Enquirer: 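Below you'll find the structure I mean.
Predicted model, so just to flag it, every value in this text is computed and none were measured. Quick note: residue numbers are just sequence positions, from 1. Quick note: numbers below take in every heavy atom, side chains included, and nothing from hydrogens, waters or symmetry partners.
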Amino acid sequence: MPEFSVSPLPMSRRNVLRSFAGIGALALGAAACGPGDTPAAPAPSSPSEKKAGRRFGAEWESHTRTFMSWPALEEVWGDQLPSVRDDIARVARAVAEYEPVVLMARPEQQNEAQRACGSQVEVIPLAVDDLWARDTVPLFVEDAEGLLGVDLNFSGWGNKQTHRNDAQVGRLLLEKYDIRRAKAPLVAEGGSFETDGEGTLLITESSVVNKNRNPGKSRDRIEGEIKSSLGIEKVLWLAGVRGQDITDAHVDSIARFTAPGVVLVDRAFPDSPPDVWSRAADQARSVLKDATDARGKSLEVIDLPQPDLDKITGRGDAFVSTYANFYVANGALFMPRFGDAKADDRAKGILQDQFPRRDIVQVKIDTIASGGGGIHCSTHDQPGKPAK
């Protein structure tokens, strides 16, 4: 499989801080289970074997709540910390119109976060380092005993950024909500995984078959561990981009399911010079057009074009201008508004066609995007029915 890479890594607010102290202490992949943990599923004997009874649901299914995180560190965001907090508060308030939102904040920052987000958002004291809840909160699956949080052993995207607190989010959050915990046998982040809810998974090879997360492991072994941990039946591998951003190209900015058998794929603005990202999206498109899902069904692949970078309001070398990093909540879908009115409207129309019964809500997130992420990166869904 071709893979695209660029070196060195461009600076962004997601990778500007390197925390070498404590990196060894936070190599969590081999840590023992704590009290109340469900033992990790053993690695399957073949890539086709999966953990019986586990199911990784699709994002468009019902949510109990959305989790988010309050960015904590000036060392990471510099003078943009106030503006990225404004973005996070804006997203939290928007989502809270449709479903409960729980935002984690350091205890000493809880009151500030509560004032910014308003009374509709529940702010809880739980120490975090940065805003990327998609990656730090466990993946939720369901089995015969109910909800299970699969802790992916967050490592700061392969020890690229400080994560002393974010590495503990999975365990502490599940303890607070009395949700069973299973430690995955691999290191990954939530943004690496995209499912149709029917046993099919999209993932980029660059983000998991990587010595900075899973040294010495083959793709076949990692695929078996994913299937066993999440109850997945078929993995569709995309090449991704190695070393160009802090995530090593999470799939949630490249390709997204909108229904079983239907995938949206990022496409660069017409006539844009080709780069590693457009080539990665083109490679994903070519794989998906010839692929079948876990049920043997061919996929419908739909382009989701980016805006004109000369017309957007955000800036920065790490700016993420894809519309693919949307978030599906109860009754609504949240997408970025980049400032290219024509492209914003076009993307909204495509997403409305895919989710005709949901409100399509556009949110300005220029500072989040300048830091290398989007709305999906900053949110994490817990499946289930909302509390009354």
Side-chain angles (χ1 to χ4, degrees), residues 19 22-41 51 54 56-57 59 63-72 101-107 122 124-143 145-193 195 207-208 212-214 222 225-226 228-231 246-247 250 252 373 376-384:
S19 177
I23 283 177
L26 292 170
L28 301 177
C33 294
D37 290 352
T38 297
K51 184 68 173 178
R54 290 189 183 178
F56 182 21
E59 190 173 293
H63 301 173
T64 295
R65 58 177 62 89
T66 292
F67 289 113
M68 297 183 66
S69 296
W70 189 247
V101 173
V102 171
L103 184 139
M104 299 170 283
R106 292 189 176 191
E122 180 185 1
I124 62 171
L126 196 156
V128 296
D129 298 309
D130 212 344
L131 64 87
W132 313 107
R134 177 61 49 182
D135 293 346
T136 61
V137 173
L139 288 184
F140 293 104
V141 301
E142 295 170 300
D143 64 13
E145 298 181 50
L147 192 64
L148 176 69
V150 179
D151 193 330
L152 297 170
N153 308 303
F154 182 71
S155 68
W157 308 279
N159 292 318
K160 298 189 187 84
Q161 183 172 295
T162 186
H163 55 282
R164 182 178 299 277
N165 292 295
D166 281 344
Q168 307 302 322
V169 163
R171 177 178 61 82
L172 295 175
L173 195 65
L174 295 176
E175 286 177 359
K176 175 176 175 57
Y177 288 93
D178 196 25
I179 298 170
R180 292 174 302 128
R181 174 176 177 253
K183 285 179 62 63
L186 72 158
V187 175
E189 305 87 35
S192 291
F193 300 90
T195 184
S207 69
V208 291
N212 64 21
R213 269 88 150 184
N214 298 293
I222 291 171
E225 291 174 346
I226 289 169
S228 178
S229 298
L230 304 180
I246 198 170
T247 73
H250 279 172
D252 64 354
H376 194 253
C377 297
S378 63
T379 54
H380 199 117
D381 46 303
Q382 178 186 331

Enquirer: Please give me the minimum heavy-atom distance between Ser229 and Val150, naming the atom from each residue.
Expert: O-CG2, 3.9 Å
Enquirer: With sequence neighbours excluded, what pairs up with Asp166 under the salt bridge (charged side-chain N to carboxylate O under 4.0 Å, His left out) test?
Expert: none
Enquirer: Would you call Arg65 and Val101 a side-chain contact if the rule is heavy atoms closer than 4.5 Å?
Expert: no
Enquirer: Sequence neighbours left out, what passes ring pair (Phe, Tyr, Trp, His ring centres under 6.0 Å) with Phe67? Give chain and number order.
Expert: Tyr177
Enquirer: With rounding to the nearest 0.5 angstrom, report the CG to CE distance, Leu173 to Met104.
Expert: 5.5 Å
Enquirer: Please round to the nearest 0.5 Å and tell me the distance separating atom CG of Asp129 and atom CZ of Arg164.
Expert: 9.0 Å
Enquirer: Contact between Leu152 and Phe193 at the side-chain level, heavy atoms closer than 4.5 Å - yes or no?
Expert: yes
Enquirer: Closer than 3.5 angstrom, by distance alone: can the side chain of Asn153 be matched with the main-chain N or O of Ala184 as a donor-acceptor pair?
Expert: yes
Enquirer: So Lys183 and Arg181, do their side chains get closer than 4.5 Å, heavy atoms only?
Expert: yes
Enquirer: How far does CZ of Phe154 sit from CZ of Arg171, to the nearest 0.5 angstrom?
Expert: 15.5 Å
Enquirer: Exactly one of Arg213, Arg134, Lys160 should register a salt bridge (charged side-chain N to carboxylate O under 4.0 Å, His left out) with Glu189. Which one does?
Expert: Arg213
Enquirer: Indicate the atoms forming the closest heavy-atom contact of Arg180 with Leu147, along with that distance.
Expert: NH2-O, 3.3 Å
Enquirer: Testing the basics here: between Ser192 and His250, what is the closest heavy-atom pair and its distance to 0.1 Å?
Expert: OG-CD2, 3.2 Å
Enquirer: What is the minimum heavy-atom distance between Pro383 and Thr64, and which atoms define it?
Expert: O-OG1, 3.3 Å
Enquirer: Please walk me through it: do Trp132 and Thr247 pass side chain to side chain contact (heavy atoms under 4.5 Å, CB included)?
Expert: CA-CA 11 Å; Trp132 313 107; Thr247 73; over 6 Å; no
Enquirer: Quick one: list whatever passes ring pair (Phe, Tyr, Trp, His ring centres under 6.0 Å) with His63, sequence neighbours left out.
Expert: Tyr327
Enquirer: Less than 4.5 Å apart, any side-chain heavy atom of Val137 and any of Val169?
Expert: yes
Enquirer: For the atom pair CD1 (Ile222) and CG (Asn214), what is the distance rounded to the nearest 0.5 Å?
Expert: 4.5 Å
Enquirer: To the nearest 0.5 angstrom, please state how far the CG atom of Asp381 sits from the NE2 atom of His376.
Expert: 6.5 Å
Enquirer: Give a yes or no answer on whether the side chain of Arg106 reaches the backbone of Leu126 with a donor-acceptor pair at less than 3.5 Å.
Expert: no
Enquirer: Would Leu139 and Phe56 count as a side chain to side chain contact (heavy atoms under 4.5 Å, CB included) if you check the C-alpha gap in whole Å, the side-chain angles of each, and the deciding distance to 0.1 Å?
Expert: CA-CA 8 Å; Leu139 288 184; Phe56 182 21; 4.0 Å; yes
Enquirer: Taking all atoms of both residues into account, what is the closest heavy-atom pair of Gly191 and Asp135, and its distance?
Expert: N-OD1, 3.0 Å
Enquirer: Report the distance from atom CG of Asn165 to atom CG of Asp130, rounding to the nearest 0.5 Å.
Expert: 11.5 Å
Enquirer: Closest heavy-atom contact between Val128 and Ser69?
Expert: CG1-OG, 4.0 Å
